[in-house]
Trainee: 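Got a structure for you, written out below as structure tokens; questions coming shortly.
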Amino acid sequence: MAMWAGRFQKEVDEKVNDFNSSISFDSRMYRHDILGSIAHATMLEEQNIISPADRDAIVDGLNGILNDIEEGHLAFDPTAEDIHMFVEAELTRRIGDAGKRLHTARSRNDQVALDIRLYLRDEVKEILSLTKELIRVICDMAKEHTETIMPGYTHLQRAQPITFAQHLLAYGFMLLRDMERLNDAYKRLNFCPLGSGALAGTTYPINRKRTAALLLFDGPVLNSLDGVSDRDYCLEICSAIAIEMMHLSRFSEEIILWCSWEFKI
Amino acid sequence: MPQKKNPDVAELVRGKTGRVYGDLMTLLSMMKSLPLAYNKDMQEDKEAIFDAVDTVKLCLKTFAPMLGTAKVLKDNMYAAAAKGFINATDCADYLTKKGVPFRDAYKITGELVAYCIAHGKTLETLSLEEYRKKSDVFSEDIYNAIDLKTCAFTRNSLGGPAKEQTEMQLKALREAL
């Protein structure tokens, strides 16, 4: 028995549960969690690991949960440990034993790695599209100012005359590189860890290539340890975002300077 | 302070940049000592990457409208360019193109600028006689050579501010999108 057991046990348990829980922030991946589970169940049935009836119950049940969350009919349970447990518990509540078979040949370790990758795929696409939109605004503005003379600076001292278009387009090229970095990170993001299991795969005859294809990945991650413990894609995307923010921040700094009475341009 | 109009959006973008650097540090630090394979530490990845993603999206969504509605004070820009002897390089280049060795041209221009400062003038307002006191290579066409528009528009080297180069850049950017 732990030293701190006894009359504090209940209180400690609750605190540890709160500390352990991630549903307050991982619930935003509900859609990706459900889509991953649908692909997993589809593959399990194809490999004769679960029955067609169970597969149908699971897929219908998951689609119902997805629909209910999006329609606002199903709220996340803040006492659930994470989004994966929440969805699975809700599924089992709805369809009974078939729900308990969904997690066959899978671990939360590969499930969460899959969810983040699916989630980030969508987010990277949105960041790319927003960046593209900003570059378009910059191009339109530059087009209007190809003859607008402004001072070009070095050491924040007026150095040589340039045009405002030239100045704006410098930011256009920075943002274009940001898009290239995100696209490049996406290439390595787009591999599927599902089927890595807890760390060492599984004895079930799963088909990892099939789930990767169902989820539109370029292929499965080839090493199960790497599949569950790699977070390079988070680092690469965060790094690309940090560099893009640095560009926006430099631009912001100039706008702040230009707005001052000392500049007033 | 009723006289002030603060560039709040730009300041917020600048401020939030630090937060995103923090997210990157969180992720790098989280990973650096983790033995293979999964460890519970990795649950910390989500708040950091979610925050970075949310922040950059928010900033991009506010930045484009801010730029789109910005009022460019062209006259003030021009006036700012007209101060500070920004065309001194072009004055030296003018002399060089007429055969004066570059170092000599640079020195003559430096003396002219010093003369202007001492007499409250600019290169545009110097008389031709004043120019010719420093070098008889100067003639009437110096005024066109140091005109700010000439200075910017004739910098037609690849990637420069001349109109042809701006068009090239615009085309390259638009094609890349």
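Numbered from 1 within each chain, the chains take letters A, B, ... in sequence-line order.
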Trainee: Heavy-atom cut-off 4.5 Å, strictly under: side chain, backbone, both or neither for A/His167 against chain B?
Mentor: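 A/His167 has no heavy atom closer than 4.5 Å to chain B.
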Trainee: Go through B/Met66, B/Lys83, B/Gln165 and name the one with the most non-hydrogen pairs under 4.5 angstrom from chain A.
Mentor: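 With the most close heavy-atom pairs to chain A, the winner is B/Lys83.
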Trainee: Please look at A/Met246 and chain B and tell me whether the side chain, the backbone, both or neither of the residue comes under 4.5 angstrom of a heavy atom of that chain.
Mentor: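 Both parts, backbone and side chain.
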Trainee: At a heavy-atom distance under 4.5 Å, which candidate from B/Thr17, B/Leu27, B/Val20 has the highest pair count against chain A?
Mentor: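 That would be B/Thr17.
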Trainee: For the residue pair B/Ala81 and A/Ile149, what are the closest heavy atoms and their distance?
Mentor: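 So the minimum-distance heavy-atom pair works out to CB-CG2, 4.0 Å.
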Trainee: Would you say NZ of B/Lys61 has more than 12 non-hydrogen atoms from neighbouring residues, nucleotides or ligands within 6.0 angstrom?
Mentor: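 Buried by this count: over 12 neighbours within 6.0 Å.
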Trainee: Please determine, among B/Asn87, B/Asp54, B/Thr55, the option with the most heavy-atom pairs under 4.5 Å with chain A.
Mentor: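 Maximum pair count with chain A is reached by B/Asp54.
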Trainee: By a 4.5 Å heavy-atom criterion (distance strictly below it), what part of A/Arg250 contacts chain B: side chain, backbone, both, or neither?
Mentor: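 Neither part; nothing is under 4.5 Å.
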Trainee: Any chance NZ of B/Lys98 has more than 12 other-residue heavy atoms, nucleotides or ligands included, within less than 6.0 Å?
Mentor: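 For B/Lys98, atom NZ is crowded (more than 12 foreign heavy atoms under 6.0 Å).
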Trainee: Output the option from A/Gly152, A/Ser229, A/Cys234 having the highest count of non-hydrogen pairs under 4.5 Å with chain B.
Mentor: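 Between A/Gly152, A/Ser229, A/Cys234, the count favours A/Ser229.
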Trainee: Which region of B/Asp45, side chain (C-beta onward) or backbone (N, CA, C, O), has a non-hydrogen atom less than 4.5 Å from a non-hydrogen atom of chain A, or is it both or neither?
Mentor: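 Looking at B/Asp45, just its side chain touches chain A.
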Trainee: Could you list which of residues 118-156 of chain B have a heavy atom closer than 4.5 Å to any heavy atom of chain A, in residue-number order?
Mentor: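 Listed by number: B/Leu148, B/Lys149, B/Cys151, B/Ala152, B/Phe153, B/Arg155.
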Trainee: Taking only distance into account, with no hydrogens and no angle test, what donor-acceptor pairs under 3.5 Å do side-chain atoms of residues 237-244 of chain A form with protein atoms, sequence neighbours excluded?
Mentor:
| residue | atom | partner | partner atom | Å |
| --- | --- | --- | --- | --- |
| A/Glu244 | OE2 | A/Thr131 | OG1 | 2.8 |

Trainee: If you tally heavy-atom pairs under 4.5 Å against chain B, which of A/Leu199, A/Asp226, A/Ile162 wins?
Mentor: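 Looking at each of A/Leu199, A/Asp226, A/Ile162 in turn, A/Ile162 comes out on top.
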Trainee: Please look at A/Ile127 and chain B and tell me whether the side chain, the backbone, both or neither of the residue comes under 4.5 angstrom of a heavy atom of that chain.
Mentor: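 Its backbone and side chain both get close to chain B.
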Trainee: For B/Thr89, is it the side chain, the backbone, both, or neither that has a heavy atom closer than 4.5 Å to a heavy atom of chain A?
Mentor: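 Side chain of B/Thr89 only, per the 4.5 Å heavy-atom cut-off to chain A.
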Trainee: I'd like to know which of B/Asp90, B/Ile86, B/Leu73 tops the heavy-atom pair count under 4.5 Å against chain A.
Mentor: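 It is B/Ile86.
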Trainee: If you compare all heavy atoms of B/Phe50 against all heavy atoms of A/Asp26, which two are closest, and at what distance to 0.1 Å?
Mentor: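 Where B/Phe50 meets A/Asp26 most closely, the heavy atoms are CE1-CA, 4.3 Å.
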Trainee: Kindly check if the number of other-residue, nucleotide or ligand heavy atoms within 6.0 Å of NZ (B/Lys163) is above 12?
Mentor: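 Open: at most 12 neighbouring heavy atoms sit under 6.0 Å from NZ of B/Lys163.
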Trainee: Quick check: closest heavy atoms across B/Phe63 and A/Ile255, and the distance to 0.1 Å?
Mentor: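 Closest heavy-atom pair between B/Phe63 and A/Ile255: CZ-CD1, 4.0 Å.
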Trainee: Quick one: what part of A/Leu128 sits under 4.5 Å from any heavy atom of chain B, side chain, backbone, both or neither?
Mentor: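 Neither the backbone nor the side chain of A/Leu128 comes within 4.5 Å of chain B.
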Trainee: Heavy-atom distances under 4.5 Å only: say whether A/Val112 touches chain B with side chain, backbone, both or neither.
Mentor: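 When you check distances to chain B, only side chain atoms of A/Val112 fall under 4.5 Å.
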Trainee: Flag the one option from B/Ala10, B/Ala82, B/Pro65 with the top tally of heavy-atom pairs under 4.5 Å to chain A.
Mentor: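 Counting heavy-atom pairs under 4.5 Å, the top option is B/Ala10.
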Trainee: Looking only at heavy atoms and a cut-off of under 4.5 Å, which of A/Gly172, A/Ala159, A/Ser196 has the most pairs with chain B?
Mentor: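 Heavy-atom pair counts peak at A/Ala159.
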Trainee: Between A/Phe173 and chain B, which part of the residue has a heavy atom less than 4.5 Å away: side chain, backbone, both or neither?
Mentor: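 Both the backbone and the side chain of A/Phe173 come within 4.5 Å of chain B.
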Trainee: May I ask you to test the A/Met245-B/Arg14 pair for a side-chain heavy-atom distance under 4.5 Å?
Mentor: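 With C-beta onward as the side chain, the pair stays apart.
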Trainee: Pick one of side chain, backbone, both or neither for A/Ser24, based on which atoms fall under 4.5 Å of a heavy atom in chain B.
Mentor: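 It is neither, since no heavy atom gets under 4.5 Å.
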Trainee: Quick one: pull up CG in B/Asp23 and CG in A/Leu235 and give me the separation to the nearest 0.5 Å.
Mentor: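 It comes to 11.5 Å.
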Trainee: Test side chain to side chain contact (heavy atoms under 4.5 Å, CB included) on B/Val56 and A/Leu130; report intermediate values, then the result.
Mentor: CA-CA 9 Å; B/Val56 75; A/Leu130 289 168; over 6 Å; no
Trainee: Run B/Glu44 and A/Arg231 through salt bridge (Lys or Arg N to Asp or Glu O under 4.0 Å) and show every step you take.
Mentor: CA-CA 11 Å; B/Glu44 290 290 310; A/Arg231 292 293 183 274; over 6 Å; no
Trainee: Does any heavy atom of chain B fall under 4.5 Å from the side chain of A/Glu254, the backbone, both, or neither of them?
Mentor: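 Neither part, no heavy atoms under 4.5 Å.
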Trainee: Quick one: do A/Tyr233 and B/Ile49 satisfy side chain to side chain contact (heavy atoms under 4.5 Å, CB included)? Show the steps, please.
Mentor: CA-CA 10 Å; A/Tyr233 47 90; B/Ile49 191 68; over 6 Å; no
Trainee: Thinking salt bridges, do A/Asp82 and B/Lys46 make one under a 4.0 Å N-O criterion?
Mentor: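 So A/Asp82 does not pair with B/Lys46 through a salt bridge.
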Trainee: Would you call B/Lys74 and A/Glu144 a salt bridge, using N to O less than 4.0 angstrom?
Mentor: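 Salt bridge: no.
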Trainee: Which bit of A/Cys259 is near chain B, if near means a heavy-atom gap under 4.5 Å: side chain, backbone, both or neither?
Mentor: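 The side chain, not the backbone.
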Trainee: Should the heavy atoms of other residues, nucleotides or ligands under 6.0 Å from NZ of A/Lys143 be counted, would the total exceed 12?
Mentor: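 Atom NZ in A/Lys143 is not packed in, count stays at 12 or less.
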Trainee: Would you mind writing out the side-chain donor-acceptor pairs for residues 168-177 of chain B within the sub-3.5 Å range, not counting sequence neighbours?
Mentor:
| residue | atom | partner | partner atom | Å |
| --- | --- | --- | --- | --- |
| B/Gln169 | NE2 | A/Gln166 | OE1 | 3.0 |
| B/Gln169 | NE2 | B/Gly159 | O | 3.4 |
| B/Gln169 | NE2 | B/Gly160 | O | 3.4 |
| B/Arg174 | NH2 | A/Asp140 | OD1 | 2.6 |

Trainee: Does B/Tyr21 OH have over 12 foreign heavy atoms under 6.0 Å away?
Mentor: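 Check passes, neighbour count above 12.
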Trainee: What closest approach, in Å, do B/Met77 and A/Pro151 show between heavy atoms, and which atom pair accounts for it?
Mentor: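 Distance-wise, the nearest heavy atoms are O-CD, 3.6 Å.
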Trainee: Counting only non-hydrogen atoms closer than 4.5 Å, can you tell me which residues of residues 28-43 of chain B sit against chain A?
Mentor: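 If one takes a 4.5 Å heavy-atom cut-off, the residues of residues 28-43 of chain B near chain A are B/Leu28, B/Met30, B/Met31, B/Leu36, B/Ala37, B/Tyr38, B/Lys40, B/Met42, B/Gln43.
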Trainee: Just give me the residue among B/Gly18, B/Pro161, B/Ala162 that pairs up with chain A most often, heavy atom to heavy atom, under 4.5 Å.
Mentor: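 Highest number of heavy-atom pairs under 4.5 Å: B/Pro161.
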Trainee: Under a 4.5 Å heavy-atom cut-off, does chain B meet the side chain of A/Ile116, its backbone, both or neither?
Mentor: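 Contact with chain B involves the side chain of A/Ile116 alone.
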